Amino acid sequence: MAGKKVIITGVPGVGKTTVVNEALAKLKSEGVEYQPINFGSFMFEVAKTEGLVQDRDQMRSLDRADQKRLQQRAAQAIARIPGNVLIDTHASVKTPKGYLAGLPEWVLREIMPDVIILVETDNDQILMRRMTDETRTRDKEGTRAIAEHQQFNRSIAAAYAMMTGCTIRIITNADHLLDLAATDMADVLR
Ligand code: AMP
Ligand code: MG
């Protein structure tokens, strides 16, 4: 059987990577294996080699054409990976010129996901998580802007479902309830 392709999305700071790691740890004990893949890392490898950026948080300010090309390169490389894959990425990227689709037609055509997961939580929780994350250059936004971004991600996810026939699953990663989020994610992956 062909491997399952699952895409994980969520605004920066919602805790996607943390939930993914917990869910994969749960599944491993049952013998269910997924290869975790970070879409942004695939883009960054190329962007760095081309001298376009020095750090991954600079990519969202690149020209739209450059971001498209980096998306295409990443999608093509990821499409060749066999087995079950779990792709950590973004439903939309907030650029200085507006929201950029994270999974436009040229990405979806390559990957054809089975399911897209939206990881969400309350806007004020995301704000707090961003403020305490020293490892990244997070956008400085208020709760209204975060709310708008989360709403936009739900809207654009509907378009992705129309294009691919994939299902859309919303998972809440609330404060102190990481285990619940990881359990929900593992249920989708199993
Ligand atoms: P992350 O580590 O997931 O926050 O990703 C780092 C950066 O990679 C993001 O800020 C975006 O610039 C870029 N990126 C990741 N996924 C996508 C995507 N699907 N489309 C466009 N850019 C992306
Ligand atoms: Mg992440």
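Owing to the predicted nature of the structure, the values given are computational and were not obtained by experimental measurement. Counting starts at 1 for both ligands and their atoms, following the listed order.
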Determine whether the side chain, the backbone, both or neither of Arg60 has a heavy atom under 4.0 Å from any heavy atom of ligand 1.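 The answer is both, backbone and side chain.
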Answer side chain, backbone, both or neither: which part of Arg136 comes under 4.0 Å from ligand 1, heavy atoms only.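 Side chain only.
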May I ask whether His90 places a heavy atom under 4.0 Å from ligand 1?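 Judged by the 4.0 Å heavy-atom criterion, His90 does count as contacting ligand 1.
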Please state whether Val93 comes within less than 4.0 angstrom of ligand 1, counting heavy atoms only.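 Heavy atoms of Val93 do come under 4.0 Å of ligand 1.
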His149 ring center within less than 6.0 Å of Tyr99 ring center: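 That pair passes the under 6.0 Å test.
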For [atom], closest protein heavy-atom neighbour:
atom: atom 13 (C) of ligand 1; answer: Met59 CE, 3.8 Å
atom: atom 21 (C) of ligand 1; answer: Gln71 NE2, 3.2 Å
atom: atom 17 (C) of ligand 1; answer: Thr89 OG1, 3.4 Å
atom: atom 2 (O) of ligand 1; answer: Arg56 NH2, 2.7 Å

Would you sort out whether Asp179 and Lys26 count as a salt bridge (charged side-chain N to carboxylate O under 4.0 Å, His left out), showing the intermediate values? CA-CA 10 Å; Asp179 194 63; Lys26 283 181 190 292; 2.8 Å; yes
For residues Ile37 and Leu103: do they belong to one hydrophobic cluster (side chain heavy atoms under 4.5 Å, members Ile, Leu, Val, Met, Phe, Trp, Tyr)?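 Yes.
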Should Val46 and Met59 be regarded as members of a common hydrophobic cluster, given that ILVMFWY residues are connected when their side-chain heavy atoms come within less than 4.5 Å of each other, either directly or indirectly?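 In one cluster: yes.
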For the side chain of Asp122 and the backbone of Asp124, is there at least one donor-acceptor N/O pair under 3.5 Å apart?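 No, Asp122 side chain to Asp124 backbone: no donor-acceptor pair under 3.5 Å.
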Quick one: does any side-chain atom of Asp184 pair with a main-chain N or O of Ile171 as donor and acceptor, under 3.5 Å?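 No; zero donor-acceptor contacts below 3.5 Å.
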Note, Asn173 side chain near Leu178 side chain (heavy atom, < 4.5 Å):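 When only atoms from C-beta onward are counted, Leu178 and Asn173 do touch, with a gap below 4.5 Å.
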With the side chain counted from C-beta on, respond yes when Ile111 and Phe39 share a heavy-atom pair under 4.5 Å apart, and no when they do not.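 Ile111 vs Phe39: side chains touch.
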Which protein N, O or S atoms lie under 2.8 Å from the Mg ion (ligand 2)?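 Only Thr17 OG1 fall inside 2.8 Å of the Mg ion (ligand 2).
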For Phe39, counting its heavy atoms only, list the atoms of ligand 1 lying under 4.0 Å from any of them.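 In order of number, 16 (N), 17 (C), 18 (C), 19 (N).
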Taking only heavy atoms of Met43, which atoms of ligand 1 are found under 4.0 Å from at least one of them?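 That gives atoms 14 (N), 17 (C), 21 (C), 22 (N), 23 (C) of ligand 1.
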Within the structure, does Gly102 bring an N/O atom to less than 3.5 angstrom of an N/O atom in ligand 1?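 Yes - when backbone and side-chain N and O of Gly102 are compared with those of ligand 1, one distance drops under 3.5 Å.
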Can you find an N or O of Asp57 that's nearer than 3.5 Å to an N or O of ligand 1?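 For ligand 1, there is no N or O atom that lies under 3.5 Å from one belonging to Asp57.
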Quick one about Thr17 and Asp88 (side-chain donor to acceptor, distance below 3.5 Å, no hydrogens or angles considered), yes or no?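 Side-chain D/A pair, Asp88 to Thr17: present.
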Gap separating the CG atom of Asn21 from the NZ atom of Lys16, nearest 0.5 angstrom: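 So the gap between those two atoms works out to 12.0 Å.
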Does Asp175 pair with Arg129 as a salt bridge, N-O distance under 4.0 Å?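 Salt bridge: yes.
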NZ/NE/NH1/NH2 to OD/OE distance under 4.0 Å, Asp133 and Arg138: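 Judged by the 4.0 Å cut-off on N to carboxylate O distance, Asp133 and Arg138 do form a salt bridge.
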